Amino acid sequence: MEKTFNAAEAEARISNAWESAGAFRAGANAKDGMPAYSIMIPPPNVTGVLHVGHAFNNTLQDVLTRWHRMRGYDTLWQPGTDHAGIATQMVVERELARTQQPSRRELGREKFLEKVWDWKEQSGGTIREQLKRLGASCDWSREAFTMRGAPGDPAPEEGPNFHEAVIKVFVDMYEKGYIYRGKRLVNWDPHFETAISDLEVENIDTAGHMWHFKYPLAGGATYEYVEKDADGNVTLRETRDYISIATTRPETMLGDGAVAVHPDDARYAPIVGTLCEIPVGPKEHRRLIPIITDDYPDPEFGSGAVKITGAHDFNDYGVAKRGNIPCYRLMDTKAHLRDDGLPYAEAAAVAQAVANGERSLTETEADALNLVPDHLRGLDRFAAREKVIAEITEEGLAVMTRADDPILGKAALKPDADGADAPVPLVEAKTITQPYGDRSKVVIEPMLTDQWFVDTAKIVEPALEAVRTGRTRIMPEQHRKVYFHWLENIEPWTISRQLWWGHQIPVWYGFDLGRHGFRDDEGDGALDEVELLRLLDAQTLLKGDERHHSAADFEAVAAQFADVLAGLPTPLNRARVIEVADRNAAAHALADSLADYNLSQDPTHLVYPVWRDPDVLDTWFSSGLWPIGTLGWPEDTPELQRYFPTSTLVSGFDIIFFWVARMMMMQLAVVDDIPFKDVYVHALVRDEKGRKMSKSIGNVLDPLELVDEYGADAVRFTLTAMAAMGRDLKLSKDRIQGYRNFGTKLWNAARFAEMNDCKPVDGFDPAAVQQTVNRWIVGETARARLAHDEALEAYRFNDAANGLYAYVWGTVCDWYLEFAKPLFASGDAAVIAETRATMAWVIDQCLILLHPTMPFITEELWAEIADRPKMLVHADWPTYGDGLIDAAADREMRWVIGLIEEIRSVRQQMHVPAGLKVQLLQLELDAAGQAAFETNRAMIDRLARLSDVTAVEAMPKGAVTVAVEGGTFGLPIADLIDVDEEKARLEKVLGKLAKELGGLRGRLNNPKFAESAPEEVVEETRHNLAAREEEEAKIKAALDRLNEIG
RNA sequence: GGGUGGUUAGCUCAGUUGGUAGAGCGCUUCGUUUACACCGAAGAUGUCGGGGGUUCGAGUCCCUCACCACCCACCA
């Protein structure tokens, strides 16, 4: 055997061996009658590369999986990848740009999607190979992909048809009314030009400003503005012809629909109900908006008056809805100010009529109105902001600072030309919380758009209930609260994305001809020619309403539309449903078809065009179905029967809402069952300074580089040992190196066993060994196994790993191997044979117990040591326990170890040369000690480096005392020791003892202690006191002797 | 603004029902002896963040303060 394990060479070889043996297949090594154990991998992005977080997450899953597999469970670890809508589309677009290929828009949807599939084929396997290098024992033959089976998939047969499952769920939920479409204010990402959900928004504090502007009252009206302090004393009274508004987003003033004040705010009571003017835009077309009341404005904040821009602010939207204020959208998909629709003058006139109460607008009509002044159209929102500020300020409508400014004070004044203080526009520097897209990193714009939503309120309750009742357990406990809090306050989930890469929403739209008045109410089947002619106008159709249906494919949806058409008068009821690209095409197709019919009077020429929703579903909608989708749902597959609900989910806390909570809701909504029984939530991996690993800081540790450098086992063991619940873990190379050394230690222990001809013995019975040492190590092994299993059962990965570390290194290597050496040299054939067999058994146990965490090195040693019927990956996990622990052997070996340590300690402190063998004097020893001492003489001699042992009546001068339980020994090293040093040593020991004795006596002397403490605690304390007192007496005696010397 | 977690040896962190504090790394000294120098032996270091309380007894439970981190949140 080599001196160290060659990880680089062995890992690939062992991986292949596992794979070709089908060792990871679902159900491999399952024992009859054993239950299933299944884990769904959190699917990494298909374009992703393995980072430390993956390594951590998957190591834990692998530990659990391998452990259960060895225990005979019917085990499945289901692998797969996520199509990751935005992320992947972003990567491919960037790639197109880098290689100077046509852009996404230039390519068009179909061609672009081909590119994405190409990219997926090229790079999609990267992370799988990386996971394999880590040793992940997934059933790779079952690899799933969330877009599998989607149109364009070049390999639709590989793995379950996830696409079909996703579409089916959408259709089902649509039909159950769990999904609806609506025009709502959503978070809009202007970079990707798509809506995103609340969760994809990061709120970041940024330095911003708050501007104060005057909105002049209509017609130059004035009012008495009065401010009072808390006691009701008037602090300011002036006549104003304006209302002061504070805003951090001046560009949105263009879309204001009202100014709101609190109903109890006396300052503005005189002007509530009147109109004021938005102080921006061409003077002749300034819009007047009403001053309304709403509970939302906080009278204490700013001026107490809030401008209401319903289409660009979530609060304002609420106010607008309550007050029936129109919402005017100002921006396009890129968050540039709109450049469409009517010229400003005309649009403003319409809006004015609305504000005057002369007319009202439907939501669609309001949305169509572009109230951006002509000269600002097309500007970026931030450029527009600057212009708006400049224009208002120039016009003198900015609120100016004053010497007693309550906010800025006199400091805000600037010297004018004469050197006197002059007011300047009131602009507060202010930290504002700005929403950013988590992927795009650009400022999110609230936008009023049509989107699809999951009505989460309707499906949330079972997800809450399952965790409340413990049907699904979330660990650590603290995350339960987080889960509850989020779900109890859940908002509708925006699931449509204006992207191309994803599951295209299975909804088709058609014009709602019924709403156009073509109802067959009379039942006469006649259609007025005039009405028909009106339909000829495609423009009219484009403005019209539409209806939608959802179905898995066009054929199915066509049937639904046909049913609706059947209720219409002739000839519309005979129209043939066809699919066209979009709304525009549909309008023209319908108009053409009607024109055609008008000429031909042939109803077979009539078509009813429908078009499919171009949007795709949020990636998390599909990954929310991961547990059932990977198992072949909607078919009732055997895998679904066996492995669902899954046993454990291992997830980072950062995706509890994104993924865990949604899987709960979705699975319960779709198949009415929980997706998993246990959720183990782990923390984040950070760098050694505690920072989140990020590419921009450059502190990212590449797990594969670490694997190259230290081996997969070391990386895995490190991550497992650091996986204490609920806390972030900091990863450093030192730590990994330490565990690499642990692997080497194990390797060399096995090498030692081999060198001493320790071969596994068939039918070896650990309970039957005779030698005390062997009985002892067998018991220690049982203890280690029990502790390990108990820890893993409770997901205390760190305890499991550290326990094995201490057992293998601290017990087996440090003591058992050393004890074995004199036994092997004893010449007693029976002892040697038993020790060899025990040693081989012990090493095997080490390999088995360590295999889940260190699969490679243990598998390699397993084969190195002997030819075996099965690989270690399928070895039987031991079930032995307390029965193997021999209390007497335990006590005896503890005593021996204590004695050896004591002698070593004294030697070292007295500077006895390490290589020198010394004589041991035996002064007094009780019967138990005597027996232990004699049985283990050979080991004690060797490990304490003794030349011989002599019984003495009294401790000779110049001997150093070695006090142990039940006896006193001495080392006659007079010529070697420094008396003062030995005195100091003993004084120190006495000091420690005195402290301990004080505590123990204090407790025992306290009558209340004896009364209230449990008996065994009192008993233990008494015993401790006695032992400490005995020790103190011995040390004192030794000190006396030294004092005699001088 | 709300919530959660944290503050233990030089560093990174364990410490499961309250019984009197541990590990790894680092450091110091010594060391080549049937595996291992990626090693062995020995050793040093703690007002368990501050204060108060409950208790015979508190790192552990309660209150409070301070600081750090993270999550959630609509203050114009």
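In this text, all values refer to a predicted model and were calculated from it rather than measured experimentally. Quick note on labels: first sequence line is chain A, next is B, and so on, each numbered from 1.
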Worksheet item: Closest nucleotide of RNA chain B for A:Lys1008 versus for A:Glu790: which of these residues is on the 5' side?
Response: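 Residue closer to the 5' terminus by nearest nucleotide: A:Glu790.
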Worksheet item: Toward the 5' end of RNA chain B, which comes first, A:His485 or A:Lys3, by nearest nucleotide?
Response: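 With A:His485 and A:Lys3 compared, the 5'-side residue is A:Lys3.
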Under 4.0 angstrom, heavy atoms only, what part of the nucleic acid is [X] near: base, sugar-phosphate, or nothing?
| X | result |
| --- | --- |
| A:Phe301 | base |
| A:Gly803 | nothing |
| A:Pro1007 | nothing |
| A:Arg904 | sugar-phosphate |
| A:Val482 | nothing |
| A:Lys430 | sugar-phosphate |
| A:Ile432 | sugar-phosphate |
| A:Ala825 | base |
| A:Asn756 | base |

Discussion item. Counting Watson-Crick and G-U wobble pairs with both distances under 3.5 Å, what is the dot-bracket string for RNA chain B, 5' to 3', using [ ] for crossing pairs and | for pairs to another strand?
Written reply: (((((((..((((.....[..)))).(((((.......))))).....(((((..]....))))))))))))....
Considering only atom [atom1], compute the distance from [N] to [M] and round it to an integer number of Å.
| N | M | atom1 | answer |
| --- | --- | --- | --- |
| B:rA58 | B:rG26 | P | 36 Å |
| B:rG3 | B:rU55 | C1' | 31 Å |
| B:rU20 | B:rG59 | C1' | 10 Å |

[X] has an atom [atom1]; how far is it from atom [atom2] of [N], in whole Å?
| X | N | atom1 | atom2 | value |
| --- | --- | --- | --- | --- |
| A:Glu300 | B:rG1 | CD | P | 16 Å |
| A:Asp313 | B:rC75 | CG | P | 10 Å |
| A:Phe5 | B:rA35 | CZ | C1' | 17 Å |
| A:Leu199 | B:rC71 | CG | P | 13 Å |
| A:His262 | B:rC75 | NE2 | C1' | 13 Å |

Under 3.5 Å, is there a donor on one side chain and an acceptor on the other for [X] and [Y]?
| X | Y | value |
| --- | --- | --- |
| A:Asp316 | A:Tyr296 | no |
| A:Tyr436 | A:Gln434 | yes |
| A:His312 | A:Glu445 | yes |
| A:Thr252 | A:Lys307 | yes |

Worksheet item: If only atom types and distance count, is the side chain of A:Arg836 paired as donor or acceptor with the main-chain N or O of A:Phe824 below 3.5 Å?
Response: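 Pair absent, no side-chain N/O of A:Arg836 close to backbone of A:Phe824.
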Worksheet item: Would you say A:Lys481 reaches B:rC71's phosphate, i.e. side-chain N/O to OP1/OP2 under 4.0 Å?
Response: no
Worksheet item: Taking only N and O in the side chain of A:Ser905, is any of them less than 4.0 Å away from OP1 or OP2 of B:rG43?
Response: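 Answer is yes, contact under 4.0 Å.
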Return the polar atom pairs (N/O with N/O) between nucleotides 22-33 of chain B and the protein under 3.5 Å, or none.
unit_1: B:rU29; atom_1: O2; unit_2: A:Gln908; atom_2: NE2; d: 3.4

Worksheet item: Under 3.5 Å, is there an N or O donor on one side and an acceptor on the other linking the side chain of A:Lys745 and the base of B:rC36?
Response: yes
Worksheet item: Hey, does the side-chain of A:Arg751 have a donor or acceptor N/O within less than 3.5 Å of a partner on the base of B:rC36?
Response: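 Such a pair does not exist between side chain and base.
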